[in-house]
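First the structure, in the form of structure tokens, and then the observations on it.
Count residues from 1 along the sequence. Everything numeric in this text was worked out from a predicted model, so none of it was measured. As a basis for the values below, the full set of heavy atoms in this structure was taken, side chains included, without hydrogen atoms, waters or symmetry mates.
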Amino acid sequence: MVTKQLLRRQIKTAIRALDCGTIAAESHAISKVVRSLIASINARRVACYMSMDKGEVMTEEVIKNLFHDGQEVFLPRCTHTSESKHFKLREDHHAHLIFHRMSSLTMVHNLRPVGPYQLREPEAHIDEATSLDLVLVPGVAFDIKTGARMGHGAGYYDDFFQRYKILHEGQKPLLVGLCLMEQVTSPIPLEKHDFPMDCIVCGDGSIHWVR
């Protein structure tokens, strides 16, 4: 079986070869499906992510739709247990995600790149999410048959999902992976701490529920 490290490099190379038009077209198809999905299950508290300049599904249209349709919108910030004072999942202090509520699309547009990854993140003082109905999840690769997801290797999202389950008596939000067609692969090696997606929305406009 191909290792995670090799598979991650292969997928990233394929994505870097994509032109901006292809990524934009696939992202638009995904945004339409996501909008219908959220409406169909009446999800009110939705977490999304601010997409990087290239290499993943663009989320600007998704976020715009969320505000237009009246959802509460939450975006992630990378922090550290030594800063946030949140509980640790292991003995040492470690990095983790916090989702913050964005009050308007203007607030989102005013976010500026910060930190080592130069991501556009909310500031620490903005209200944290206490509960979520649905999380739109980025990734490097997805298996549409099993729901397996491979991220960039830092473990931020899997850490957040584990932390959420501890705080909510084993419950978690609906996890929806957003996936360019070039990110679809199988199989993806899984480790004990990896969380599969409940469904995956692909760049051809298809949605794949994991049973």
Side-chain angles (χ1 to χ4, degrees), residues 20-79 84 96-115 117-139 142 149 151 156-157 160-161 163-164 167-168 171-180 183 195 197-209:
C20 294
T22 297
I23 295 177
E26 292 194 32
S27 298
H28 176 62
I30 288 169
S31 70
K32 291 195 296 183
V33 175
V34 166
R35 191 175 198 177
S36 297
L37 169 62
I38 290 172
S40 69
I41 64 172
N42 195 32
R44 305 309 305 165
R45 300 169 61 84
V46 179
C48 191
Y49 63 93
M50 294 291 287
S51 50
M52 298 182 290
D53 291 337
K54 193 174 183 182
E56 60 188 1
V57 176
M58 299 162 57
T59 56
E60 182 176 352
E61 184 177 354
V62 171
I63 294 170
K64 181 179 178 181
N65 289 341
L66 290 173
F67 279 107
H68 183 275
D69 297 340
Q71 274 84 28
E72 292 185 55
V73 181
F74 298 83
L75 295 179
R77 181 174 67 88
C78 299
T79 184
S84 68
H96 70 107
L97 281 185
I98 294 178
F99 282 85
H100 297 271
R101 186 176 185 273
M102 308 305 292
S103 61
S104 68
L105 193 56
T106 298
M107 178 183 280
V108 175
H109 288 159
N110 287 338
L111 297 179
R112 295 291 178 264
V114 296
Y117 301 105
Q118 286 295 287
L119 299 175
R120 291 171 290 166
E121 299 182 341
E123 295 181 10
H125 68 271
I126 300 173
D127 291 343
E128 291 183 28
T130 54
S131 64
L132 295 167
D133 298 323
L134 183 148
V135 182
L136 299 171
V137 187
F142 295 88
R149 166 190 172 270
Y156 278 104
Y157 276 86
F160 175 78
F161 302 145
R163 188 179 299 276
Y164 190 100
L167 290 172
H168 294 82
Q171 300 300 308
K172 66 173 180 59
L174 187 73
L175 306 183
V176 180
L178 304 187
C179 178
L180 300 170
Q183 294 176 303
F195 277 76
M197 301 294 97
D198 296 302
C199 77
I200 297 169
V201 181
C202 294
D204 61 354
S206 61
I207 182 169
H208 303 267
W209 289 95

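- Phe67 and Val108 get closest at one heavy-atom pair: CE1-CG2, 3.8 Å.
- Of the residues Phe99, Phe195, Phe74, Tyr49, the one that meets the ring pair (Phe, Tyr, Trp, His ring centres under 6.0 Å) test with Phe160 is Phe99.
- Summarising the geometry, atom CG belonging to Leu66 is positioned 9.0 Å from atom CG belonging to Leu134; distances are rounded to the nearest 0.5 Å.
- Judged by distance alone, the side chain of Arg45 and the main-chain N or O of Ser131 form a donor-acceptor pair under 3.5 Å.
- Considering only residues two or more places apart in sequence or on other chains, Glu128 meets the side chain to side chain donor-acceptor pair (under 3.5 Å) condition with His86.
- No more than 12 heavy atoms of other residues, nucleotides or ligands shown are found within 6.0 angstrom of CD on Glu60.
- The side chain to side chain donor-acceptor pair (under 3.5 Å) check on Arg163 picks up Asp159, with sequence neighbours excluded.
- Closest non-hydrogen pair, Pro113 versus Arg120, comes out as N-CG, 3.8 Å.
- Listed by chain and residue number, Cys202, Asp204, His208 satisfy the side-chain contact (heavy atoms from CB on, under 4.5 Å) test with Ser206 (two or more places apart in sequence, or in another chain).
- Counting all heavy atoms, side chain and backbone alike, Pro173 lies closest to Leu132 at CB-O, 3.6 Å.
- Nearest heavy atom pair, residue Gln183 against residue Leu178, reads OE1-O, 4.1 Å.
- Distance check: His109 NE2 to Met102 CE gives 10.5 Å after rounding to the nearest 0.5 Å.
- Looking at heavy atoms from C-beta onward, Leu136 lies out of side-chain contact with Thr59 at the 4.5 angstrom threshold.
- Of the inter-residue distances, the one linking Leu111 atom CG with Ile126 atom CD1 reads 7.0 Å to the nearest 0.5 angstrom.
- Applying the salt bridge (charged side-chain N to carboxylate O under 4.0 Å, His left out) test to every pair with at least one member in residues 21-44, sequence neighbours left out, gives these pairs: Arg35-Asp69.
- Ring geometry for Tyr164 against His168 counts as parallel: the plane angle stays under 30°, on a 0 to 90° scale with 60° as the upper cut.
- Annotation: the span from Ile98 atom CD1 to Asp127 atom CG amounts to 12.0 Å, rounded to 0.5 Å.
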- Task: Please report the C-alpha distance between Met50 and Leu119 in whole Å, then the side-chain angles of each, then the deciding distance to 0.1 Å, and finally whether the side chain to side chain contact (heavy atoms under 4.5 Å, CB included) criterion is met.
- Result: CA-CA 7 Å; Met50 294 291 287; Leu119 299 175; over 6 Å; no

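- When the side chain to side chain donor-acceptor pair (under 3.5 Å) test is applied to Ser103, no partner is found at least two apart in sequence or on another chain.
- Scored by the side chain to side chain donor-acceptor pair (under 3.5 Å) test, Gln71 finds no partners at all (sequence neighbours excluded).
- Residues Arg77 and Pro122 come closest through the heavy atom pair CD-O, 2.9 Å.
- Judged purely by atom type and a 3.5 angstrom limit, Asp133 has no side-chain atom pairing as donor or acceptor with the backbone of Val46.
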- Are Val137 and Phe161 close enough, and set up right, to give a side chain to side chain contact (heavy atoms under 4.5 Å, CB included), and what steps lead you there? CA-CA 11 Å; Val137 187; Phe161 302 145; 3.9 Å; yes

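- Other residues, nucleotides and ligands place no more than 12 heavy atoms under 6.0 Å from the NZ atom of Lys64.
- A distance of 8.5 Å separates CD of Glu121 from NE2 of His100, quoted to the nearest 0.5 Å.
- In this structure, Cys179 SG and Ile200 CD1 are separated by 6.5 Å, a value rounded to the nearest 0.5 Å.
- Checked by atom type and distance alone, the side chain of Ser104 pairs as donor or acceptor with a backbone atom of Met107 at under 3.5 Å.
- Contact record, Ile63 with Leu75: CD1-CD2, 4.0 Å, taken as the closest heavy-atom pair.
- By the 4.5 Å heavy-atom criterion applied to side chains, Leu37 and Cys199 are counted as neighbours.
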